[in-house]
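To start, the structure under review is shown below, and the notes come after it.
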Amino acid sequence: MALRSDPLEVIFDRFLTSRAIFKNRDVLRHDFVPSRLPHREEELSRVAEILAPVLTGTRGSNVLVYGKTGTGKTASVKYVLARLAEKCGSVGSSFKGIYVNCRLAGTEYRVLSKICSMHAVQLPFTGLATAELSNRLIESMKSHGSYSIVVLDEVDALVKGFGDRLLYELTRINELLGAASLTLMGISNDLSFKEYLDPRVLSSLSEEEVVFKPYTAPELRDILAERAKEGFAEGVVSPGAIDLCAALGAAEHGDARRALDLLRVAGEIAERAERKTVDEECVRIAWKKIEEDRLYQVVKSLPLHSRLVLLGTIQTTSKSGKVTSGECYTSYNALCQHAGIEPLTHRRVSTLVNELEEAGILICKIMSQGRYGRTKRISLSAPLSVIEKALSTDSLLQNLI
DNA sequence: CTTCCACCGGAAGTACCGGTAA
DNA sequence: TTACCGGTACTTCCGGTGGAAG
């Protein structure tokens, strides 16, 4: 016999009501590849046309795929690869589809080693020269005569960090392969990264180009409505909520990823608040929550010195409202002394401040005060309470606050 | 017009770490 | 074991630079 105040009973009841909100939560995740990609028909056909030669065992063109974040590039490419593999199976040909996210892989070496591992080339985690990896890859591909499509997602991150050496190697690889061949597909959300490429690499890599345009608000609404139909129970989501998600996503350069996350979190908020419907208010709360969660996580996982710099900034802003980089450094230095930590140099702290700005925690503006020098005016760009909460999770910093 | 402040930020170098190959 | 290799975190050095003061 369960009492009404029994905590487990409350949780179970809540779960039962939550089922009334969600039907299939996973559909609302941005990395879910749906069985249909609305408003990407044109892009899908373009990619499919370019890759289709694999069906007859000939090499397709190398491709560059452009588009801002959340325009469906990754999902579309993965979708086409999956369909292609299916078709290959039914006509009796085969290929290796290799997907690497360059930003997640992090370095040239790890990108190459991932490609190698997909070709069953045994490799140590580190320790080899990059050129040695290419050689082993070429040897393996030659001997197996395999056909590959290598997708380099976020290839701009690779190029910006390490130049185009690896891309050059990969575009050149076909000349060295006998029966085997390799099609390269670069995905980038930054159109300007081409400038970093050697013209020869560029012309080889961009034999074809596919551009993914940002979704418009109505298109986003269609996508969201479709996913909502699959993901939420019937009639739970108000049309206004979907419109708001679409509008906020469209404002963020037509970002379907953000819009979907927003809708899912709004659903979770409705669930936890034991509401019957997901309305605009839930979306607004979700928007705020996503921002704050992101900030909290970022601040919490900051390295020690970055957190000290941030704390120094907070402490001086609370006194005078605005901080110059000099004051920030002084304050940081004092904190280090207090905690018995060897402080970093001006130069280093300057880059840390820039990193904090890039992470959206600080706002910096270079101010020139004539005779009184030139400095950065630093201020907080995020709610102080969230930052302080995140900083105070560390016992060392807690003593300094 | 020149000076000069108080810092910016690129380039290159150093130290160290975790790993492999021979 | 020694000699490398790649990566990260940091320092050292130094040539800028916008604009008020002189």
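Residue numbers begin at 1 in each chain, while the letters A, B, ... track the order of the sequences. Keep in mind it's a predicted model, so treat the numbers as computed, not measured.
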(request) Send over the distance from A:Tyr329 OH to C:dC10 P, rounded to a whole Å. (result) 12 Å

(request) Compute whether any side-chain donor of one residue and acceptor of the other, for A:Thr183 and A:Tyr147, lie under 3.5 angstrom apart. (result) yes

(message) Side chains of A:Ser238 and A:Asp279 only: does a donor on one sit below 3.5 Å from an acceptor on the other?
(response) no

(request) Verify the contact: side-chain N or O of A:Arg348 to OP1 or OP2 of C:dC10, cut-off strictly under 4.0 Å; return yes or no. (result) yes

(message) What's the angle between the local helix axes at either end of the helix from B:dC1-C:dG22 to B:dA22-C:dT1, using five pairs per end and rounding to 10 degrees?
(response) 30°

(message) What I want to find out is whether A:Asp255 reaches A:Lys68 closely enough, with some N-O distance under 4.0 Å, to be called a salt bridge.
(response) no

(request) Using whole Å, report how far CG of A:Leu344 lies from P of C:dT8. (result) 18 Å

(message) Whether the A:Asn101 and A:Glu154 side chains hold a donor-acceptor pair (N or O, under 3.5 Å, no angle test) is what I'd like checked.
(response) yes

(message) Closer than 3.5 angstrom, by distance alone: can the side chain of A:Thr393 be matched with the main-chain N or O of A:Lys389 as a donor-acceptor pair?
(response) no

(message) Distance alone, cut at 3.5 Å: any donor-acceptor contact between the side chains of A:Asn189 and A:Tyr66?
(response) no

(request) Check whether any side-chain nitrogen or oxygen of A:Thr345 sits under 4.0 Å from OP1 or OP2 of C:dT11, and answer yes or no. (result) yes

(request) Let me know the distance between CZ of A:Arg374 and P of B:dA6, rounded to the nearest Å. (result) 14 Å

(message) From CD of A:Glu342 over to C1' of C:dA9, roughly how many Å is that when rounded to an integer?
(response) 15 Å

(message) Rounding to an integer number of Å, can you tell me how far A:Arg110 CZ sits from B:dG19 P?
(response) 12 Å

(message) Check this for me: does the side-chain of A:Arg347 come within 3.5 Å of the base of B:dG10 through a donor and an acceptor?
(response) yes

(request) Select one nucleotide: of B:dC4, B:dG9, C:dT8, the one nearest the side-chain heavy atoms of A:Arg371. (result) B:dC4

(message) Of the listed nucleotides (B:dC7, C:dT8, C:dT17), which one gets closest to any side-chain atom of A:Thr324?
(response) B:dC7

(message) Could you go through A:Ser325 and A:His346, starting from their C-alpha distance and side-chain angles, then the distance that decides it, and tell me whether this counts as side chain to side chain donor-acceptor pair (under 3.5 Å)?
(response) CA-CA 9 Å; A:Ser325 46; A:His346 273 102; over 6 Å; no

(message) Tell me whether A:Glu43 is salt-bridged to A:Arg40, with the criterion being a basic N under 4.0 Å from an acidic carboxylate O.
(response) yes

(message) What is the distance, to the nearest angstrom, from the CG atom on A:Leu352 to the C1' atom on B:dC8?
(response) 15 Å

(request) Measure the distance from CZ on A:Arg377 to C1' on B:dC7 and round it to the nearest whole Å. (result) 14 Å

(message) Below the 4.0 Å mark, does B:dC8 have OP1 or OP2 next to a side-chain nitrogen or oxygen of A:Ser325?
(response) yes

(request) To the nearest Å, give me how far apart CG (A:Leu112) and C1' (C:dG7) are. (result) 16 Å

(request) Select one nucleotide: of B:dA6, C:dA20, B:dG9, the one nearest the side-chain heavy atoms of A:Ser350. (result) B:dG9

(request) With the side chain of A:His305 defined as its heavy atoms from C-beta on, choose the nearest nucleotide among B:dC7, C:dC10, B:dC4. (result) C:dC10

(request) Indicate whether OP1 or OP2 belonging to B:dA6 is found under 4.0 Å from a side-chain N or O atom of A:Lys376. (result) no

(request) Would you mind telling me which of C:dA21, B:dC7, C:dG19 lies closest to the side-chain atoms of A:Thr375? (result) B:dC7

